[in-house]
Novice: 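Shown below is the structure under consideration.
Values below: every heavy atom of this structure, side chains too, minus hydrogens, waters and symmetry copies. Quick note: residue numbers are just sequence positions, from 1. On a predicted model such as this, the values are computed, not experimentally measured, just so you know.
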Amino acid sequence: MMSLIIRKLPLFLILCSLPLHSLPSKKVLQELKVLPRSEIFFTQMENCYSLEIPDVEPGKVQLDLPELPLGTKFISSKKEEYASEDGIRGTQISLWFTFTDSGNTRIPPLLTRINGRNYYFEFEPTYVYENPALISPLAEVLFDRPELLKTDKKTGQKTLRVACGEKISFTVALRYGMQVIDFRWKLPKDSIFNETERFDFANGEEKITEFTTESKKLASFDWQILKEGIYPLPEIAIGTISYSGAKKQVYLPQNIFISVSETKNTRKTGAEARGQNSGIFESAFEKPEDDEINSRNAGPDRQECEKIAMSTKRTFFDKLFARRYGIFAGGEIISVPEEKISGRAFTGGQKVRISERAGKWSFIECKEFSGWTKNDNIIEVK
């Protein structure tokens with residue numbers, strides 16, 4: 001009758017009624033570590049470590065906390081019996097701490113007395129991240145040739161040295177931002193500046209739901225500076241939602257500069273200098289020959305561009321952030337809004353962003369080109 005009752009008891013109750021084994025071997029105890037219970041620890045939050053000692057009852061375990069590093073605070077601890085699925089029983093110790101500073105942290109070994117004997121258990125080294133509710137999004141610049149970027153050890157200022165007209169390729173990325181709600185930029189002066197690729201995250205089509213330290217690419221650019229001097233990075237603004245849920249506006253780092261020097265060709269004067277410089281950048285703004293203009297006029301005519309504009313609609317975010325777009329009907333693109341300046345003719349049909357207006361001129365941007373054009377060359381999207 002007694003054996004029948006035992007067979008009907010749940011497995012867990014049978015395990016709990018059995019006596020614990022003798023103390024684990026010295027080798028087993030030496031391999032035990034105090035492990036972080038979660039993959040990521042944050043500052044200003046309670047973070048839990050856990051230690052499991054097999055074949056030992058909680059009543060036979062006593063703890064003695066070590067002297068903690070500066071910025072680490074002990075909150076509480078808990079001892080409880082555990083039973084694993086394979087029938088092993090023992091003591092689980094949980095320890096909660098808070099950390100003031102981010103970075104690598106390591107707590108000194110935990111002194112534990114088991115049946116009157118002292119044992120030291122190492123804490124697993126842990127990296128503590130800034131609390132997502134407190135951290136601000138960061139814009140990053142990833143140069144295609146980062147080895148050319150030199151850092152001043154005293155000031156921390158970074159400088160990229162190039163020649164006039166030399167192409168600078170870089171990608172803008174965002175770290176610690178959950179979603180992009182606005183992404184815009186202004187054409188740098190004395191420059192040819194083009195967006196070569198845009199990633200989905202920049203259009204607000206993707207949202208991060210879990211904390212990550214990885215940066216998300218937004219767009220890639222090609223930049224040619226046409227005049228010597230020292231230049232900051234272009235004015236690129238990113239509207240984003242931080243992990244705290246707040247809307248933030250972030251810009252490119254302020255400690256990176258481009259140092260532009262003249263090439264040997266640009267120091268020459270007269271027709272010789274003009275002829276050699278045209279191969280670098282002047283051709284971007286010189287007046288094209290008639291044959292060149294005719295070949296570019298093979299695109300859609302104005303009537304077709306008007307039909308494209310009528311079938312194109314502004315998105316909800318475009319209206320919310322007052323972003324204006326249009327269909328370029330073809331014409332000249334110039335560097336400054338002046339009648340006397342010669343530009344470069346382009347075929348129409350492209351959807352362009354209208355980022356600025358100045359009288360009868362509009363500054364437009366698309367993947368193929370960017371610059372000033374007359375308002376008559378644009379059919380605005382309603």
Novice: Find the distance between CD1 (Ile236) and CD (Glu195) and round it off to the nearest 0.5 Å.
Specialist: 8.5 Å

Novice: Are side-chain N/O atoms of Ser220 and Thr171 paired as donor and acceptor at under 3.5 Å?
Specialist: yes

Novice: Any idea which heavy atoms bring Ile256 and Leu149 closest together, and the distance?
Specialist: CG2-CD1, 4.2 Å

Novice: For Phe211 and Tyr176, take the angle between the two ring planes, folded into 0 to 90°, and tell me which bin it lands in: parallel under 30, tilted 30 to 60, perpendicular over 60.
Specialist: parallel

Novice: Report the distance from atom CD of Glu57 to atom CG of Asn115, rounding to the nearest 0.5 Å.
Specialist: 8.5 Å

Novice: Considering the options Ile168, Val141, Val260, which one meets the side-chain contact (heavy atoms from CB on, under 4.5 Å) requirement together with Leu160?
Specialist: Ile168

Novice: If you apply the rule side chain to side chain contact (heavy atoms under 4.5 Å, CB included), what do you find for Tyr325 with Thr312, and how did you get there?
Specialist: CA-CA 9 Å; Tyr325 292 90; Thr312 305; over 6 Å; no

Novice: Please determine whether a side-chain nitrogen of the Lys or Arg among Glu122 and Arg106 lies less than 4.0 Å from a carboxylate oxygen of the Asp or Glu.
Specialist: yes

Novice: Does a salt bridge link Arg357 with Glu380, judged by any charged N lying under 4.0 Å from a carboxylate O?
Specialist: yes

Novice: Is there a donor-acceptor contact under 3.5 Å linking the side chains of Ser169 and Asp222?
Specialist: yes

Novice: Evaluate the ring planes of Phe183 and Phe221, with Trp represented by its six-membered ring, and classify them as parallel (under 30°), tilted (30 to 60°) or perpendicular (over 60°).
Specialist: tilted

Novice: Hydrogens and angles aside, do Thr126 and Tyr49 bring a side-chain donor and acceptor to less than 3.5 Å of each other?
Specialist: yes

Novice: What closest approach, in Å, do Thr373 and Glu332 show between heavy atoms, and which atom pair accounts for it?
Specialist: OG1-O, 2.9 Å

Novice: Would you mind telling me which of Leu32, Leu35, Ile93, Leu111 makes a side-chain contact (heavy atoms from CB on, under 4.5 Å) with Phe121?
Specialist: Leu32

Novice: Using a strict threshold of under 4.0 Å (side-chain N to carboxylate O), is an ion pair present between Glu197 and Lys217?
Specialist: no

Novice: Identify whether Ile40 and Ile75 are in the same connected component of the hydrophobic contact network (ILVMFWY, side-chain heavy atoms under 4.5 Å).
Specialist: no

Novice: Given 3.5 Å as the limit, does a donor-acceptor pair link the side chain of Asn47 with the main chain of Met45, or not?
Specialist: yes

Novice: Report, as yes or no, whether the 6.0 Å neighbourhood of atom NZ on Lys79 holds more than 12 heavy atoms from other residues, nucleotides or ligands.
Specialist: yes

